[in-house]
Amino acid sequence: MDGMSRIQPENPKREWLVRCEDGGGDLAVCAITVSRGTIELFGPDDEQTTLSGSHIADYRQALDEAIAQAEHDLSGTPVT
């Protein structure tokens, strides 16, 4: 062999696996994939969501806002 491994990680990364819960509250795996500028979200119950174009930006904004609200909820600070 020439010293170079033939098995290499995919570059750039195009799939992320994330622990989540299924509809029954059991531990499961969700997948996020990227292909040709489109993002696909795969839920544990055979659910699939496809985001492209401005929908990606809208989803990112909504997720960022939801994360901020969840952090606020966990901080114990009363809502005013």
Side-chain angles (χ1 to χ4, degrees):
M1 216 155 138
D2 60 7
M4 295 282 297
S5 174
R6 296 187 193 282
I7 301 172
Q8 299 290 325
E10 187 176 359
N11 192 10
K13 187 173 182 177
R14 299 208 168 264
E15 180 181 49
W16 296 261
L17 301 177
V18 182
R19 290 181 183 173
C20 59
E21 294 180 2
D22 65 13
D26 295 321
L27 185 62
V29 175
C30 295
I32 303 168
T33 65
V34 176
S35 178
R36 298 183 187 149
T38 298
I39 296 174
E40 293 180 313
L41 308 168
F42 296 92
D45 298 322
D46 295 328
E47 303 157 352
Q48 178 182 349
T49 301
T50 302
L51 303 170
S52 59
S54 64
H55 295 144
I56 295 171
D58 294 341
Y59 189 89
R60 172 187 266 174
Q61 180 179 353
L63 184 59
D64 288 344
E65 290 175 10
I67 290 168
Q69 184 60 54
E71 288 176 338
H72 182 275
D73 291 352
L74 294 172
S75 73
T77 306
V79 177
T80 57

Nearest-0.5 Å distance, [atom1] of residue [X] to [atom2] of residue [Y]:
X: Glu40; Y: Ser52; atom1: CD; atom2: OG; answer: 10.0 Å
X: Glu21; Y: Leu27; atom1: CD; atom2: CG; answer: 7.5 Å
X: Thr50; Y: His55; atom1: OG1; atom2: NE2; answer: 11.0 Å
X: Arg36; Y: Arg14; atom1: CZ; atom2: CZ; answer: 10.0 Å
X: Lys13; Y: Thr33; atom1: NZ; atom2: OG1; answer: 12.5 Å

Check: Is Leu63 reachable from Leu74 through a run of I, L, V, M, F, W or Y residues, each pair having side-chain heavy atoms under 4.5 Å apart?
Finding: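 They do not share one cluster, since no chain of ILVMFWY contacts under 4.5 Å joins Leu74 to Leu63.
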Checklist line | Joint cluster assignment, Ile56 & Ile32, ILVMFWY side-chain distance < 4.5 Å | finding: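 Yes, it is one cluster - the side chains of Ile56 and Ile32 are joined through contacts under 4.5 Å.
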Margin query: Is there a side-chain contact between Phe42 and Val29 in this structure, where contact means two heavy atoms from C-beta onward sitting under 4.5 Å apart?
Written below: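 They are not in contact (no side-chain heavy atoms under 4.5 Å apart), so the answer is no.
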Margin query: Quick one, Thr49 with Tyr59, criterion side-chain contact (heavy atoms from CB on, under 4.5 Å). Give me CA distance, side-chain angles, the key distance, then yes/no.
Written below: CA-CA 11 Å; Thr49 301; Tyr59 189 89; 5.8 Å; no
Check: Any side-chain donor-acceptor pair under 3.5 Å between Gln61 and Glu65?
Finding: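 A donor-acceptor contact under 3.5 Å links the two side chains.
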Margin query: Please check this pair: side chain of Asp22 against backbone of Gly24, looking for a donor-acceptor N/O pair closer than 3.5 Å.
Written below: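 Yes, because the side chain of Asp22 sits within donor-acceptor range (under 3.5 Å) of the backbone of Gly24.
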Notebook entry, point to check: Which heavy atom of Pro44 sits nearest a heavy atom of Ala28, and at what distance?
Noted result: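 It is CB-CB, 3.4 Å.
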